[in-house]
Amino acid sequence: MHRRHFIGAAAAAAVLCASAAALAQQKQVLKATDVHPLGYPTVEAIVRMGAKLEKATNGRYSIQMFPSMQLGGEKEMIEQAQVGALQIARISVGPMGPIVDELNVFNMPFVFKDEAQMRKVIDGPIGAEMLTKLSNSSARLVALGWMDAGTRNVYSDKPVTKPADLKGMKIRMMGNPLFVETMNAMGGNGVAMGFNELFGALQTGVVDGAENNPPTLLGQNHYQVSKVYSLTGHLIIPEIFVFSKRTWETLPKADQDLVKKYSREAQFEQRKLWDAYVGDAEAKLKAAGIQFVKADKQAFYKATQPVRDKYGSKYAAILKRIQDTK
């Protein structure tokens, strides 16, 4: 009698141990990364997405965020996502242009009238098609959604209001020939350089300026070196967040659907965070004495027409659809 009880208890204990082990195994920490610091809208949107995912799955999934280039720059992030060393990466469209050719449409200068039109495009059928193309490409990534990266303007130590002002100036651009050619057409010398090298290059005069949105100018302390922010508005490029296809293929379909649902919500959540963040960054930059200077956008638009002609001819159909997006 005692012996049978003992066996029953032992069997029960074994089952408990096994289920605890299974539970531990099922708990999956998804590593996410971004070049920006904690609190930055792209980072915060993914952190909030992680909280929703954790709650919805009773802790089976959680997202661990590695902000501020802790896992390297965008090139390293993409490579790590491709092999499944990390799961979620927020990346610029720039490095993806060579992989999904049509994405280069978003990289062209003055392709959107303004940020509001850009949002309508990424939220609608064009945005959905681009994500599908990236997911179906050889990149070994699943494209989850879009994020707003605002409008990019030139910053340096002097005003840049027309193409002639850029003469002889070396301006850092993201590493895509299209961006370098855009800056060259605008009147400057485009220099491709990793984001992580930029602060030092500005300080030492390796480059005379760069271009980006107000939160980046503030958050990366570039405003300490570059005191003039010229509103050229030449690029309005959305950003993408992607998931490692290698890990994705191990997730049950129901969990994939959940991640997709929360990704779409993150796309809209990031935007609200973004608008507030930009307003705050502009106020802080102005308080720090940064000059905001209006630029002749029409002059830069005309100057960059050859870039749109060169890169845009094969995208005529998409460009027409973007123009027709109201």
Side-chain angles (χ1 to χ4, degrees), residues 33-37 40 42 66-81 89-99 103-104 106-109 147 149-160 163 165-240 281 285 290 295 300 303-304 307 310-311:
T33 186
D34 199 308
V35 301
H36 295 296
Y40 194 90
T42 55
F66 294 86
S68 306
M69 294 186 271
Q70 283 177 25
L71 304 180
E74 291 197 343
K75 185 175 171 288
E76 291 80 16
M77 290 176 189
I78 293 164
E79 288 164 359
Q80 289 173 68
R90 197 282 311 151
I91 48 177
S92 311
V93 168
M96 290 291 112
I99 296 165
L103 282 171
N104 273 315
F106 290 168
N107 290 328
M108 284 195 292
M147 288 189 172
T151 302
R152 297 175 80 100
N153 301 289
V154 172
Y155 53 86
S156 62
D157 58 2
K158 64 172 203 181
V160 172
D165 294 341
L166 280 165
K167 194 170 163 48
M169 288 180 74
K170 296 191 291 293
I171 306 291
R172 179 266 173 178
M173 302 299 283
M174 287 184 286
N176 184 327
L178 175 57
F179 299 137
V180 174
E181 286 175 44
T182 291
M183 182 45 64
N184 295 345
M186 284 171 70
N189 297 328
V191 179
M193 177 183 285
F195 189 59
N196 38 352
E197 300 161 45
L198 179 53
F199 186 76
L202 285 166
Q203 268 187 320
T204 54
V206 170
V207 293
D208 302 302
E211 45 80 65
N212 220 310
N213 53 49
T216 303
L217 176 61
L218 179 73
Q220 299 295 323
N221 295 322
H222 294 170
Y223 73 96
Q224 293 172 0
V225 191
S226 303
K227 299 291 184 190
V228 186
Y229 194 60
S230 305
L231 303 174
T232 49
H234 53 283
L235 294 171
I236 302 176
I237 310 170
E239 298 185 327
I240 304 179
L285 288 165
I290 302 308
F300 286 117
T304 52
V307 180
K310 176 181 172 181
Y311 287 94

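One-based numbering along the sequence shown. Nothing here was measured: the structure is a model prediction, and the numbers come from that model.
- Note on residues 203-224: pairs passing salt bridge (charged side-chain N to carboxylate O under 4.0 Å, His left out), not counting sequence neighbours, are Arg152-Glu211.
- A search for side chain to side chain donor-acceptor pair (under 3.5 Å) contacts involving Lys158 returns nothing, not counting sequence neighbours.
- The distance from atom CD1 of Ile171 to atom CE of Met186, rounded to the nearest 0.5 Å, is 8.5 Å.
- Looking at residues two or more places apart in sequence or on another chain, you find no salt bridge (Lys or Arg N to Asp or Glu O under 4.0 Å) involving Lys227.
- Here NE2 of His222 is found 13.5 Å from OG of Ser156. Values are rounded to the nearest 0.5 Å.
- Of all the heavy atoms in Phe66 and Thr33, the pair that sits closest is O-OG1, 3.0 Å.
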* side-chain contact (heavy atoms from CB on, under 4.5 Å) evaluation trace for Val207 with Leu202 -> CA-CA 5 Å; Val207 293; Leu202 285 166; 3.9 Å; yes
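- In plain terms, the two heavy atoms of Thr304 and Thr182 that are nearest each other are CG2-O, 4.1 Å.
- When the side chain to side chain contact (heavy atoms under 4.5 Å, CB included) test is applied to Pro67, the partners found at least two apart in sequence or on another chain are Leu38, Val43, Met65, Gln70.
- To the nearest 0.5 Å, atom CE of residue Met183 and atom CG of residue Asn189 are 9.5 Å apart.
- Thr232 and Asn153 make their closest contact through N-OD1, 3.1 Å (heavy atoms, listed as atom of the first residue, atom of the second, distance).
- Contact detail for Tyr311 and Leu178: the closest heavy-atom pair is CD1-CD1, 3.3 Å.
- Distance check, rounded to the nearest 0.5 Å: CG of Asn213 to CD1 of Ile236 gives 11.5 Å.
- Once rounded to the nearest 0.5 Å, the distance linking CG of Leu231 with OH of Tyr155 reads 14.0 Å.
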* Give the intermediate values and the outcome of side-chain contact (heavy atoms from CB on, under 4.5 Å) for residues Leu166 and Phe300. => CA-CA 11 Å; Leu166 280 165; Phe300 286 117; 4.0 Å; yes
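- Screening residues 176-204 for salt bridge (charged side-chain N to carboxylate O under 4.0 Å, His left out) gives Glu181-Lys310 as the qualifying pairs, with residues at least two apart or on separate chains.
- Remark: the backbone N or O of Leu71 is paired with a side-chain donor or acceptor of Gln80 at under 3.5 angstrom.
- Here the straight-line distance linking atom CE of Met193 with atom NZ of Lys170 works out to 9.5 Å at 0.5 Å rounding.
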* **Derivation of the side-chain contact (heavy atoms from CB on, under 4.5 Å) call for Glu74 and Met69** => CA-CA 8 Å; Glu74 291 197 343; Met69 294 186 271; over 6 Å; no
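- A donor-acceptor contact shorter than 3.5 Å is absent between the side chain of Asn212 and the backbone of Leu217.
- Of all non-hydrogen atoms in Gly175 and Ala192, the two that sit nearest each other are CA-CB, 4.1 Å.
- By the side chain to side chain donor-acceptor pair (under 3.5 Å) test, Thr42 pairs with Asp34, sequence neighbours left out.
- Ser230 contributes no side-chain N or O that, together with a main-chain N or O of Pro159, makes up a donor-acceptor pair within less than 3.5 Å.
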* To do: I would like to know whether Phe195 and Thr216 meet side-chain contact (heavy atoms from CB on, under 4.5 Å); could you show each step before the answer?
  => CA-CA 11 Å; Phe195 189 59; Thr216 303; 3.4 Å; yes
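- Shown here for Phe179 and Leu235, the closest heavy-atom pair between the two residues is CD2-CD1, 3.9 Å.
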